[in-house]
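Order of the sequence lines fixes the chain letters, A, B, ..., with proteins taken first and strands second; residue numbering starts at 1 for each chain.
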Amino acid sequence: MQSDRGIFSAEHIISLCDLPVGKSAVINSIQAEGMTRRRMMDLGLVPGTRVEALRISPAGDPKAYKIRGTVIAFRREEGSKILVNLKED
Amino acid sequence: MRQRSQLNGLDYILREVSILNPNGSLKINDAVVSKIYHKAEEITQRVVTRREKPGVDWDEKLDNILTSRVWGFPSMLLLLGVVFWLTVAGANYPSQVIASALFWGQDRLSDFLYWLQAPAWVKGFFVEGMYRCLAWVVSVMLPPMAIFFPCFSLLEDLGYLPRVAFNLDRFFKTAGAHGKQALTMSMGFGCNAAGVVACRIIESPRERLIAMLTNNFVPCNGRFPTLIALAGLLVFGLGNSLATTAVVVGVVLFGIAVTLAVSWVLSQTLLKGVPSSFTLELPPYRKPQVGKIIVRSIFDRTLFVLGRAVCVAAPAGAVIWLLANIRIGNLSLLAHGANWLNPLAQQMGLDGFILMAFILGLPANEIVLPILIMGYLAAGAMTELESLQDLYHLFVVQHGWTWVTAVCMMLFSLLHFPCGTTLWTIWRESGSVKWACLAAFIPLGIACTVCFIAAQTARILGLV
């Protein structure tokens with residue numbers, strides 16, 4: 001996805017797991033395959049969906065996100081396979 | 001068209017799809033799901049009106065405490081601690097009441113058979129064998145479950161339990177397991193069979209199997225009385241309940257360590273190829289529906305588990321009675337079995353009767369100690385001793401127990417195969433005999449190895 005960076009001048013593409021708590025971003029694409037991909041799609045993680053990072057576990061992982069009105073937690077492994085567009089303030 | 005007639009409709013369509021869309025490269029699924037969600041969004045925007053957000057977001061306030069860096073773990077320990085305390089403290093009295101009621105019933109049954117002038121073996125087989133075993137299991141099992149399961153359901157209904165999984169997931173991830181295993185383990189303290197059923201909440205197949213196969217490393221309420229009695233023996237000289245509690249807590253912590261270790265090994269070996277994924281929903285908190293909780297926990301969990309236990313306890317009672325009362329030469333079958341097992345058991349720091357009691361206790365862990373006492377006393381029916389003093393006298397003075405025997409029996413009780421009800425449940429839940437067998441033999445192997453190492457180390461170091 002490196003090559004995509006130039007296209008969005010005001011936006012960054014980052015992994016969902018790197019989204020700071022309190023910030024929100026829009027799903028760009030899902031890199032996961034198989035069962036995990038299926039599960040993510042079922043949760044409504046389709047490109048264009050807005051996601052907000054809500055909180056982080058006291059143990060440091062997983063992280064909880066607000067997706068379509070529900071709160072879902074992903075581990076770093078899952079979160080790194082979801083790319084989001086983050087608008088710079 | 002000739003092909004079409006050979007294949008049925010669905011197969012034909014799937015074939016066409018695989019030709020048009022080799023290896024899913026067109027991402028048809030994605031397109032379909034995206035379309036569905038966008039359409040749904042469009043419709044909801046038109047027809048759903050949302051109320052203004054309330055001034056205070058209670059979910060967020062609660063989560064800021066219950067999953068915070070500072071208060072997350074303490075609040076979790078406190079809540080689970082309260083549930084366990086309520087269960088242990090609250091179950092004692094009802095247990096005694098039920099026991100005395102059921103054993104009163106046993107006396108009446110005996111009177112009735114006496115009045116019928118039934119032969120002695122009929123009374124022995126049905127009353128001292130089947131009925132007594134049943135009464136035992138019910139009176140030990142029912143009260144803790146009737147307290148523990150509603151408390152647990154209350155936390156579930158509040159929406160708190162997923163937060164426990166959220167807090168603890170990292171430790172389970174390191175072991176190759178799912179954070180929700182913390183919940184199935186907590187459920188296992190009530191009953192391993194219920195813990196195994198609870199594994200349904202884990203969607204990922206690999207992690208679900210791990211949780212099922214390791215559930216018996218948390219002691220269920222059938223094993224707690226045994227562990228408490230043995231811990232009492234171990235610190236007998238000290239004579240205080242604080243030391244007993246410390247020993248039991250130590251045993252439980254060791255069980256949790258074994259759970260994580262075995263989970264890790266399973267995820268690296270046997271279950272390596274099984275697919276896995278992680279998502280965890282944190283639903284909003286809500287006001288618990290107390291009536292519903294009580295009904296649901298009593299019917300779905302308590303009676304369900306009790307029903308299965310009763311199905312195995314009655315036949316088990318009959319078999320145990322036969323083994324204790326059929327004699328070859330001077331000894332009962334039970335004693336012959338114990339003598340035969342003795343050399344093996346000694347290597348593991350146990351003795352033949354202890355191992356025999358565990359084997360016969362397969363249907364229900366509650367009856368292990370009563371069988372052992374029956375064996376030592378060469379009695380014909382399962383027996384309980386009134387006090388720790390009596391237990392000390394029988395085990396230590398008469399049968400040469402050392403502290404190593406007590407430690408090894410506690411370890412064996414913690415680690416050995418799950419009870420018959422649990423194995424049956426694993427078979428039902430996993431749908432395969434293979435996993436049920438592994439669920440029995442993996443813990444058995446671990447229990448034997450750990451006891452062997454403990455006993456031999458103690459002997460080599462000259463501690464006994």
*Output yes when a side-chain donor or acceptor of B:Tyr37 lies under 3.5 Å from a complementary backbone atom of A:Asp42, and no otherwise.*
yes
*Most contacts with chain B, counted as non-hydrogen pairs under 4.5 angstrom, among A:Gly60, A:Gly48, A:Pro62*: A:Pro62
_Rounded at 0.5 Å granularity, tell me how far CD1 in A:Ile72 sits from CG in B:Leu280._
8.0 Å
*Kindly indicate, with the supporting measurements, whether the criterion side chain to side chain contact (heavy atoms under 4.5 Å, CB included) is fulfilled by B:Glu41 and A:Arg68.*
CA-CA 10 Å; B:Glu41 239 167 23; A:Arg68 297 180 185 275; 2.8 Å; yes
*Distance only, no hydrogens: is a donor on one side chain within 3.5 Å (strictly under) of an acceptor on the other, for B:Ser277 and A:Arg39?*
no
*About how many Å separate OG of B:Ser68 and CD1 of A:Ile56, when rounded to the nearest 0.5 Å?*
13.0 Å
*asked:* Under 4.5 Å from any heavy atom of chain A, what part of B:Thr67 do you find: side chain, backbone, both or neither?
replied: both
*Would you name the heavy atoms of A:Phe74 and B:Phe278 that are closest together and state the gap between them?*
CD2-O, 3.8 Å
*Hey, does A:Met35 have a side-chain heavy atom less than 4.5 Å from the side chain of B:Ser204?*
yes
_From CA spacing to verdict: side chain to side chain contact (heavy atoms under 4.5 Å, CB included), A:Val46, B:Lys35_ = CA-CA 9 Å; A:Val46 293; B:Lys35 199 79 198 162; over 6 Å; no
*So which of A:Glu78, A:Arg75, A:Lys63 has the largest heavy-atom pair count under 4.5 angstrom toward chain B?*
A:Arg75
*Nearest 0.5 Å please: distance from the CD1 atom of A:Ile67 over to the CD atom of B:Glu281.*
10.0 Å
*Enclosure of B:Trp427 CH2 (heavy-atom neighbours >12, cutoff 6.0 Å)*: no
*Which of residues 164-175 of chain B get closer than 4.5 angstrom to chain A, counting heavy atoms alone?*
B:Phe166, B:Asn167, B:Asp169, B:Arg170, B:Phe171, B:Lys173
*Mark yes when over 12 heavy atoms from residues, nucleotides or ligands other than A:Arg38 sit less than 6.0 Å from its CZ; otherwise mark no.*
no
